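First the structure, in the form of structure tokens, and then the observations on it.
Computed from a predicted structure; not experimentally measured.
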Amino acid sequence: MSRVGKKSITVPDKVKVNITGSKVAVDGPKGKLEWELPSGITAALEANPLPVARSPETPEHRPLHGTSRSLLNNM
């Protein structure tokens, strides 16, 4: 499993995250961003630490897992 992908994302209080399917929308004090997750990568807004997971354990999805987590964290 990706070391970067294992880390959960802490969402600040002023930021709103909306996840519908594979589309992630982030709205905060500095603006709005939208991004669509690659196939096989999922994010679930269950609690404040936002987990990012991958369903298939294939070599193609390993780098996407860490990259997706980093992009969401930067949003």
Side-chain angles (χ1 to χ4, degrees):
M1 186 162 211
S2 170
R3 283 184 266 170
V4 174
K6 284 184 194 179
K7 299 178 185 177
S8 296
I9 300 169
T10 304
V11 181
D13 294 334
K14 297 179 182 179
V15 177
K16 296 177 189 175
V17 179
N18 186 14
I19 301 173
T20 52
S22 63
K23 189 174 183 180
V24 179
V26 179
D27 185 16
K30 294 185 178 182
K32 299 178 185 179
L33 292 171
E34 292 183 2
W35 185 60
E36 190 162 341
L37 291 168
S39 63
I41 307 296
T42 58
L45 188 60
E46 301 164 353
N48 191 350
L50 180 70
V52 178
R54 68 174 186 256
S55 51
E57 290 291 327
T58 60
E60 294 84 20
H61 287 95
R62 287 185 189 130
L64 285 175
H65 185 210
T67 302
S68 299
R69 188 258 176 213
S70 293
L71 290 173
L72 286 176
N73 189 43
N74 290 335
M75 289 173 68

For the atom pair CG (L72) and CH2 (W35), what is the distance rounded to the nearest 0.5 Å? 5.5 Å
If I take atom NZ from residue K23 and atom CD from residue E36, how far apart are they, to the nearest 0.5 angstrom? 7.5 Å
Please name the pair of heavy atoms, one in V4 and one in S70, separated by the smallest distance, quoted to 0.1 Å. CG1-OG, 3.5 Å
With distance as the sole test, does D27 use its side chain to make a donor-acceptor pair with the main-chain N or O of K32 at under 3.5 Å? no
Any chance you could measure S68, atom OG, to I41, atom CD1, to the nearest 0.5 Å? 5.0 Å
Closest non-hydrogen contact found for R69 with K7 is NE-O, 3.1 Å
Derivation and outcome, side chain to side chain contact (heavy atoms under 4.5 Å, CB included), residues L37 and V24: CA-CA 7 Å; L37 291 168; V24 179; 4.0 Å; yes
Using the side chain to side chain contact (heavy atoms under 4.5 Å, CB included) rule, take N18 and V26 through it: C-alpha gap first, then chi angles, then the decisive distance, then the call. CA-CA 6 Å; N18 186 14; V26 179; over 6 Å; no
Between I19 and L45 the two heavy atoms that sit nearest each other are CD1-N, 3.9 Å
Minimal non-hydrogen separation, R54 against H65, with atom names: NH1-ND1, 3.1 Å
Where do S39 and H61 come nearest, in terms of heavy atoms and distance? O-NE2, 3.2 Å
Grab the two heavy atoms, one from L50 and one from A44, that are nearest each other, plus how far apart they are. CD1-O, 3.3 Å
Would you check if T42 and V52 make a side-chain contact, meaning some heavy-atom pair closer than 4.5 Å? no
